[in-house]
Amino acid sequence: QLDSAKQWVDRIELPDDSKAWQNSIELPEDMSSRAATPTETCESDRSRFEEGRQIERLAQYLNNMPEIKRENWLNLSFEDRVKVVQRIENQAAKIGCRPALTVESAPMNKNERGGMNWGSQKIVINESLIRSNKPEDFQQTIKTLLHEGRHAYQYSNISLERTEPNDEKYQAWVMNLVEGYHVAKLFGLKNYYLQPLEVDARVFSEAVVSKLKI
């Protein structure tokens, strides 16, 4: 199964004109070679990792973060905002019992949002989203972070240790990898958008963001 996982490249959200950045983050042949391991032993009871429970725990954590209240976020420097986003990723990783990835920012085209690279253990978010003071861009920053973190959860389940309790969901992820991840610029936006890995990540991130009171 993992032999074909090398096709599972980073998700550059939507645009097809991001060739330079996309080419710079191709995953290595052995994508597990540099993968970290979770910092805690995962519980044998998988009910802890039910999607609804993870969503509730993440939303509760975020709603209790004073830094992401709008009036506080606006007063944070760019560097401090990146640190806050990293803290959110650390908590998401803890809840999912997976490695916490390093969150970085990078200049991207205005329609690009971010991507996850399992080989380098990084999530990259469009720098302009983090710098922006627009409420919609802040929400998109959080949504992109959670979306890419969900991809890390998917891949951790397949390449490190399975914790996902839903068999249908897990098998759909595996099949998506076996058949080959569909990059939008090669397979079209529809195929990219409808594949199980992307549907799951969108549903998860949207569900968390919908519960935020910030």
Side-chain angles (χ1 to χ4, degrees), residues 1-32 35 46 49-52 54-55 58 89 92-93 95-96 98-99 101 103 108-109 111-126 129 140-210:
Q1 292 175 339
L2 289 179
D3 287 341
S4 50
K6 60 190 176 186
Q7 301 175 54
W8 197 59
V9 297
D10 306 63
R11 283 136 311 282
I12 309 302
E13 305 252 346
L14 297 184
D16 292 340
D17 57 352
S18 55
K19 295 182 178 62
W21 195 70
Q22 201 162 17
N23 290 338
S24 71
I25 49 178
E26 293 273 332
L27 296 183
E29 288 289 316
D30 179 8
M31 293 196 300
S32 64
R46 288 183 184 163
F49 303 100
E50 289 175 354
E51 183 176 307
Q54 291 196 56
I55 289 169
L58 257 178
E89 159 58 13
I95 290 172
R98 62 169 176 82
L101 276 56
V103 181
M108 300 179 192
N109 295 329
N111 292 324
E112 293 177 327
R113 298 168 185 169
M116 188 280 295
N117 186 302
W118 184 254
S120 64
Q121 294 283 286
K122 289 182 180 180
I123 290 172
V124 182
I125 298 178
N126 191 330
L129 286 177
Q140 187 61 64
T141 296
I142 301 301
K143 191 180 297 183
T144 299
L145 176 70
L146 298 176
H147 180 109
E148 302 306 335
R150 183 65 174 182
H151 283 315
Y153 173 76
Q154 295 163 350
Y155 202 79
S156 179
N157 265 266
I158 294 171
S159 66
L160 293 179
E161 177 181 359
R162 179 181 171 182
T163 57
E164 172 57 44
N166 188 309
D167 285 330
E168 290 294 327
K169 187 186 297 289
Y170 177 79
Q171 293 301 331
W173 297 344
V174 172
M175 186 61 66
N176 199 163
L177 295 185
V178 170
E179 292 185 347
Y181 180 82
H182 289 170
V183 182
K185 73 171 184 176
L186 298 179
F187 296 92
L189 183 58
K190 181 178 179 180
N191 287 330
Y192 158 84
Y193 192 81
L194 294 178
Q195 58 193 328
L197 291 165
E198 290 301 329
V199 172
D200 175 71
R202 284 199 311 276
V203 169
F204 182 84
S205 59
E206 291 278 357
V208 176
V209 170
S210 71

State, yes or no, whether a side-chain contact exists between [X] and [Y] at a heavy-atom distance under 4.5 Å.
X      : Y      : result
Val103 : Leu145 : yes
Ser205 : Arg150 : no
Leu197 : Leu177 : yes
Trp173 : His151 : no
Arg46  : Glu164 : no

Next on the checklist: Between Asp200 and Lys169, is the side chain to side chain contact (heavy atoms under 4.5 Å, CB included) condition met? List the steps.
Outcome noted: CA-CA 8 Å; Asp200 175 71; Lys169 187 186 297 289; 3.1 Å; yes
Item to check | side chain to side chain contact (heavy atoms under 4.5 Å, CB included) between Val199 and Tyr193, intermediate numbers included | outcome: CA-CA 7 Å; Val199 172; Tyr193 192 81; over 6 Å; no
Can you tell me how far apart [atom1] ([X]) and [atom2] ([Y]) are? Round to the nearest 0.5 Å.
X      : Y      : atom1 : atom2 : result
Leu146 : Ile55  : CG    : CD1   : 10.0 Å
Met116 : Lys122 : CE    : NZ    : 13.5 Å
Lys143 : Leu129 : NZ    : CG    : 11.5 Å
Ile123 : Trp118 : CD1   : CH2   : 10.0 Å
Thr163 : Asn157 : OG1   : CG    : 4.0 Å
Ile125 : Glu89  : CD1   : CD    : 9.0 Å

Could you tell me if [Y] and [X] have a donor-acceptor pair between their side chains, going purely by distance under 3.5 Å?
X      : Y      : result
Tyr170 : Gln154 : no
Asn176 : Gln195 : yes
His147 : Glu198 : yes

Checklist entry - Parallel, tilted or perpendicular: which fits the ring planes of Phe187 and His182, with parallel below 30° and perpendicular above 60°? => result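 The arrangement is parallel - the two ring planes meet at less than 30°.
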Donor-acceptor contact present, side-chain [X] to main-chain [Y], <3.5 Å:
X      : Y      : value
Ser210 : Ala207 : yes
Asn117 : Ser120 : yes
Asn126 : Glu112 : yes

Next on the checklist: Would Tyr192 and Tyr181 count as a side chain to side chain contact (heavy atoms under 4.5 Å, CB included) here? Give the steps.
Outcome noted: CA-CA 8 Å; Tyr192 158 84; Tyr181 180 82; 3.2 Å; yes
Next on the checklist: Can you list everything that forms a salt bridge (Lys or Arg N to Asp or Glu O under 4.0 Å) with Glu50? Sequence neighbours excluded, please.
Outcome noted: none
Next on the checklist: Go through it in stages, so that I can follow the logic: the residues are Val208 and Gln54, the test is side chain to side chain contact (heavy atoms under 4.5 Å, CB included), and I'd like the CA-CA distance, side-chain angles, deciding distance and then a yes or no.
Outcome noted: CA-CA 9 Å; Val208 176; Gln54 291 196 56; over 6 Å; no
Checklist entry - Does the salt bridge (Lys or Arg N to Asp or Glu O under 4.0 Å) test come out yes or no for Arg98 and Glu161, once each step is laid out? => result CA-CA 8 Å; Arg98 62 169 176 82; Glu161 177 181 359; over 6 Å; no
Checklist outcome for this item: Heavy-atom closest pair (Ser156 atom, Pro99 atom, distance to 0.1 Å) is OG-CD, 3.7 Å
